[in-house]
Amino acid sequence: MTQQAEKKAEVRITLPDGSVREVPRGTTVRGVAESIGPGLARAALAGRVDGEMVDLKTPITADARVEIVTDRDDDALPLLRHSAAHVMATAVRALRPEAHIGFGPAIDTGFYYDFEVDRPFSTDELERIEEEMGRVVESDDPFERREVTREEARELFRDDPLKLERLEEFTEGETISVYRNGPFLDLCRGPHLPTTGRLKHFRLLHTAGAYWRGDESRQMLQRIYGTAFFSEKELAKHLERLEEARKRDHRVVGPRLGLFTIDEKVGQGLILWKPKGAVIRQELQEFISGHLTRQGYSQVFTPHIGKLDLYRTSGHYPYYADSQFPPLIESDQMERLADEGTSCSELANRMQEGEVQGYMLKPMNCPHHIRIFDSDAHSYRDLPVRLAEFGTVYRWEQSGELGGMTRVRGFTQDDAHIFCTEEQVADEINGCLELVKIILGTLGMEDYRVRVGLRDPDSTKYVGEPEQWDRAEAACRDAADRLGVPYSAEPGEAAFYGPKIDFVVRDVIGREWQLGTVQVDYTLPERFDLSYTGADNKPHRPVMIHRAPFGSMERFIGVLIEHFGGEFPLWLSPVQIVVLPISDEQAEAAREMAVELKEAGLRVEVDDRNETLNYRIRDAEKARIPYMAVLGGREVEAGTAAVRTRGAGRKQQILARDDFSARLLEKDRTRSVELALGE
RNA sequence: GCUCACGUAGCUCAGCCGGUAGAGCACUUCCUUGGUAAGGAAGAGGUCACGGGUUCGAGUCCCGUCGUGAGCUCCA
């Protein structure tokens, strides 16, 4: 043996602190941890070798950067949860040996596992599975990894058709690994905890159906969701958060505050705005409108329906027919068709062929706006033309997709269409993003992100010239850059007609919702043969930008309700002040004060009900009214009010009435989100 | 759309193994005239989502309809 060969028996590992050690080739990650210290060895859950997560048992066979993953590591939680999914599957198999296993990954909030079973899991059964999981944890079986050939794997999973299906998708030469813990074997990439005993704090949450591979044409599996943490405290905190979230849920808060209702007699997914909700919507629209005017938009109004032919031209019909309300057919045509004995499927065909005329509830506002644009001749000097409308549109969402205000069948977009020249696109996109920034900023909403949808370089489905696309995509990226919020460029996510920018916010339950969007469109101007006269006195094709920065008033206000937890700033509060006379003696003065405030332009109510002050204060707090003006004998005498601010408890401020109204008006005007009135 | 769960007074919920509905809050009336998150008393209010079925008898069991909720690949 030469010296060189001997050296090769050692590998150099670099630790995160930069120190380098030499260890025998084949030392496991656990061995490395042990060599550093017994405390670390005990805490070690997995390792990272050259950045890749591996099991503790993984031997190190070459020089590498090695890190020991403990529960303090960001990657440790998904590891724990993935193992928790296996533990759960182990328990389910113990109770239901016939269950076929699907997939069981860690997700952001925990983990799930899909099973193919002959009867769904009941809620009681979840408890039993949880108990059984306790036994699996107690047995403290090691998770053991093994790499197998495809043939071996086929044999191992011969009773698990779903796994066999996945198996067929491995490409030649791809590593196939399996993990065993006690009696349970799974096809799995890993890595895992060293043993099942490392899982301590977990909870199964709920069950749900889930299509195999998310494909609704495949069979439905039964999914069990759970979550796991490294400490009881974190688990408790998480469950508490879920509970808190439920309390902020706009579907609970909105109806309780009298903002909106959904009535099954009217229809699913159709929002009825009650007076208090209507105030919020009005205020918001007014606010947005002010900025639209400043940015050179012209507001228009268009009807809720349009001819089928219009949507044939735009391409909405029949292409999107599935997500639209069925067309309205003129009654004389209806009669004729009935006389001819036309069947439903024939009717559908003939409508698609354009032989039957009718109207459609508009699924989008653009065709109407395009017709407005096209009703005048345009010179390049007119451009950009920016047509804005709070336009109500109707879409046939699947019933299972509906929910609260965030997914509905009729909604009002803060829509606008910009018709501009190719050169103007970048500036216009910037303008759109500027608007979003101002408005979300005013509302104190910082927790949103931006997706920039770019074209898939390998696809040919896109319309428009590649150079146009390059410029438009660059404009979108630049605008997103300038916005200063997190954004992701997503190739392949562009619409076929142009790149787009989407705004995404999270609701209290952690679900992400797309709010608004800015989309560049090269195809509709083409389809509608739009043109403007250029400086060369020749016709040119304008570019269109669709933009609805808040998506819809329904969804946006739903998100707002959760953002504020129902505690709206003064300017959005349906009732801004309630005047509370202490006794009947001050009732007259209270009504006078209310008139003063109302004339000043504030929304005010008097609560002179025959109830104690305590009772009425409690009511006002629960109604989330920002200010309570208490009038007793002393205040009436002095021309003052004892002002109690929502959420501030017993702290009160004695203010001269005109001072009070002046301060509120200032807050209202500036759309302050702070309620505190200052000294 | 599909899977599961749920649907009882305006709201939140109780109602066991089938024996013809209950509480708290809200509401109405009366007493009370109050000082910063529920003063007291009385009263009214329900074809138990809707439609069928089983049964001597259904809020309760079965089927269907409507509605609501959770979820429907953050790849083994």
Side-chain angles (χ1 to χ4, degrees), chain A residues 78 82 85-86 101-109 111-114 117 119-123 125 153 157 160 162-170 174-179 186-190 205-225 246 249 251-252 255-256 258 261-269 322 396-404 509-512 580-587 608 610-623 628-635 642-652:
Chain A
H82 185 194
H86 279 228
I101 48 177
F103 293 166
I107 54 174
D108 275 355
T109 54
F111 61 88
Y112 66 78
Y113 213 112
D114 288 341
V117 282
R119 103 197 107 82
F121 301 103
S122 68
T123 317
E125 205 170 356
F157 295 100
D160 272 304
L162 305 176
K163 292 292 174 187
L164 289 177
E165 181 180 327
R166 173 66 186 95
L167 214 42
E168 292 316 306
E169 292 164 15
F170 281 90
E174 201 175 340
T175 307
I176 300 176
S177 58
V178 298
Y179 274 78
D186 198 356
L187 183 66
C188 179
R189 183 167 45 198
L205 296 172
H206 54 264
T207 61
Y211 293 104
W212 170 231
R213 318 215 85 170
D215 180 347
E216 55 190 288
S217 68
R218 306 296 302 270
Q219 73 267 42
M220 173 133 332
L221 308 181
Q222 294 301 316
R223 176 171 296 181
I224 302 177
Y225 281 90
R246 229 176 48 78
D249 191 324
R251 292 166 300 186
V252 177
R256 201 181 63 222
T261 185
I262 300 172
D263 180 5
E264 58 180 89
K265 292 209 165 66
V266 173
Q268 284 187 285
D322 284 351
W396 185 263
E397 301 287 355
Q398 290 196 94
S399 61
E401 296 287 350
L402 298 170
I509 316 175
R511 290 186 290 207
E512 285 203 324
L580 302 172
I582 287 179
S583 77
D584 289 349
E585 311 244 313
Q586 298 86 34
D608 58 356
N610 181 17
E611 298 289 354
T612 58
L613 182 62
N614 274 344
Y615 183 95
R616 288 174 288 154
I617 285 174
R618 183 179 140 86
D619 249 21
E621 287 280 0
K622 287 206 308 181
M628 286 153 261
V630 177
L631 292 189
R634 297 196 291 271
E635 287 76 20
V643 177
R644 178 184 166 122
T645 304
R646 179 184 66 206
R650 297 174 77 100
K651 215 167 61 187
Q652 64 165 3

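Order of the sequence lines fixes the chain letters, A, B, ..., with proteins taken first and strands second; residue numbering starts at 1 for each chain. For the numbers below, each heavy atom of this structure counts, side chains included, while hydrogens, waters and symmetry mates do not.
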| request: Sequence neighbours left out, what passes side chain to side chain contact (heavy atoms under 4.5 Å, CB included) with A:Ala210? Give chain and number order. | output: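 A:Ala210: side chain to side chain contact (heavy atoms under 4.5 Å, CB included) contacts with A:Asp114, A:Arg223.
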| task | Would you please name every residue forming a side chain to side chain contact (heavy atoms under 4.5 Å, CB included) with A:Arg650, sequence neighbours left out? | result |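 Listed in chain order: nothing, the list is empty.
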Counting only side-chain N and O atoms of [X], is one of them less than 4.0 Å from OP1 or OP2 of [N]?
{"X": "A:Tyr113", "N": "B:G71", "answer": "no"}
{"X": "A:Thr207", "N": "B:C4", "answer": "no"}
{"X": "A:Arg223", "N": "B:C72", "answer": "yes"}
{"X": "A:Arg166", "N": "B:U73", "answer": "no"}
{"X": "A:Tyr615", "N": "B:A26", "answer": "yes"}

| said: Tell me whether the side-chain N or O atoms of A:Tyr211 pair up with the base of B:G71 as donor and acceptor below 3.5 Å, since no angle test is needed here. | reply: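 Side chain to base: no pair below 3.5 Å.
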Using a heavy-atom cut-off of under 4.0 Å over every strand shown, decide if [X] touches base, sugar-phosphate, or nothing.
{"X": "A:Arg213", "result": "base"}
{"X": "A:Lys651", "result": "nothing"}
{"X": "A:Gln268", "result": "sugar-phosphate"}
{"X": "A:Gln222", "result": "sugar-phosphate"}
{"X": "A:Gly404", "result": "sugar-phosphate"}
{"X": "A:Gln398", "result": "base"}
{"X": "A:Ala642", "result": "base"}
{"X": "A:Pro105", "result": "sugar-phosphate"}

| field | A:Pro120 vs A:Asn614, nearer the 5' end of RNA chain B by closest nucleotide | value |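 Its nearest nucleotide lies further toward 5', so the answer is A:Pro120.
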| request: Would you kindly compare A:Arg618 and A:Glu635 by the position of their nearest RNA chain B nucleotide and give the one closer to the 5′ end? | output: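 It is A:Glu635 whose nearest nucleotide is closer to the 5' end.
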If the [atom1] atom of [N] is compared with that of [M], how far apart are they to the nearest Å?
{"N": "B:C13", "M": "B:G59", "atom1": "C1'", "value": "15 Å"}
{"N": "B:A58", "M": "B:G53", "atom1": "C1'", "value": "11 Å"}
{"N": "B:U60", "M": "B:G1", "atom1": "P", "value": "25 Å"}
{"N": "B:C6", "M": "B:G43", "atom1": "P", "value": "36 Å"}
{"N": "B:G7", "M": "B:A14", "atom1": "C1'", "value": "15 Å"}
{"N": "B:A44", "M": "B:G22", "atom1": "P", "value": "13 Å"}
{"N": "B:G19", "M": "B:C48", "atom1": "P", "value": "16 Å"}
{"N": "B:C30", "M": "B:C11", "atom1": "P", "value": "27 Å"}

Taking atom [atom2] of [N] as reference, at what distance in whole Å does atom [atom1] of [X] sit?
{"X": "A:Leu187", "N": "B:C75", "atom1": "CG", "atom2": "C1'", "value": "12 Å"}
{"X": "A:Leu402", "N": "B:G71", "atom1": "CG", "atom2": "C1'", "value": "15 Å"}
{"X": "A:Asn610", "N": "B:U28", "atom1": "CG", "atom2": "P", "value": "11 Å"}
{"X": "A:Glu401", "N": "B:C2", "atom1": "CD", "atom2": "P", "value": "13 Å"}
{"X": "A:Tyr112", "N": "B:U73", "atom1": "OH", "atom2": "P", "value": "7 Å"}
{"X": "A:Asp584", "N": "B:C31", "atom1": "CG", "atom2": "P", "value": "12 Å"}
{"X": "A:Glu611", "N": "B:C25", "atom1": "CD", "atom2": "P", "value": "12 Å"}
{"X": "A:Tyr225", "N": "B:G69", "atom1": "OH", "atom2": "C1'", "value": "14 Å"}

Could you tell me the Watson-Crick or G-U partner of [N], where both distances fall under 3.5 Å? Say none if there is no partner.
{"N": "B:G19", "result": "B:C56"}
{"N": "B:G67", "result": "B:C6"}
{"N": "B:A14", "result": "none"}
{"N": "B:A42", "result": "B:U28"}
{"N": "B:A37", "result": "none"}
{"N": "B:G1", "result": "B:C72"}

| field | Closest nucleotide among B:A37, B:G1, B:G69 to the A:Arg251 side chain | value |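 Among B:A37, B:G1, B:G69, the one nearest the side chain of A:Arg251 is B:G69.
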| request: Looking only at side-chain atoms of A:Met220, point me to the closest of B:C2, B:A37, B:A76. | output: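 For A:Met220, the side-chain atoms sit closest to B:C2.
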| query | Can A:Asp249 and A:Arg251 be counted as an ion pair, charged N to O under 4.0 angstrom? | reply |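 Counted as a salt bridge, because a side-chain N and a carboxylate O are separated by less than 4.0 Å.
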| query | Do A:Arg644 and A:Glu621 have side chains that get closer than 4.5 Å, going by heavy atoms? | reply |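 A:Arg644 vs A:Glu621: side chains touch.
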| query | With a 4.5 Å limit on heavy-atom distance, are the side chains of A:Val630 and A:Glu635 in contact? | reply |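 A side-chain contact under 4.5 Å is absent here.
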| request: Please report the closest heavy-atom contact between A:Lys163 and A:Phe103, naming both atoms and the distance. | output: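 Shortest heavy-atom contact: NZ-CD2, 4.5 Å.
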| query | Looking only at heavy atoms, what is the nearest atom pair of A:Val117 and A:Gln222, with distance? | reply |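 Looking at all heavy atoms of both residues, the shortest contact is CG2-CG, 3.7 Å.
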| message | Return the CD to CG distance between A:Gln586 and A:Asp608, rounded to the nearest 0.5 Å. | response |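 Going from CD on A:Gln586 over to CG on A:Asp608, the span is 11.0 Å.
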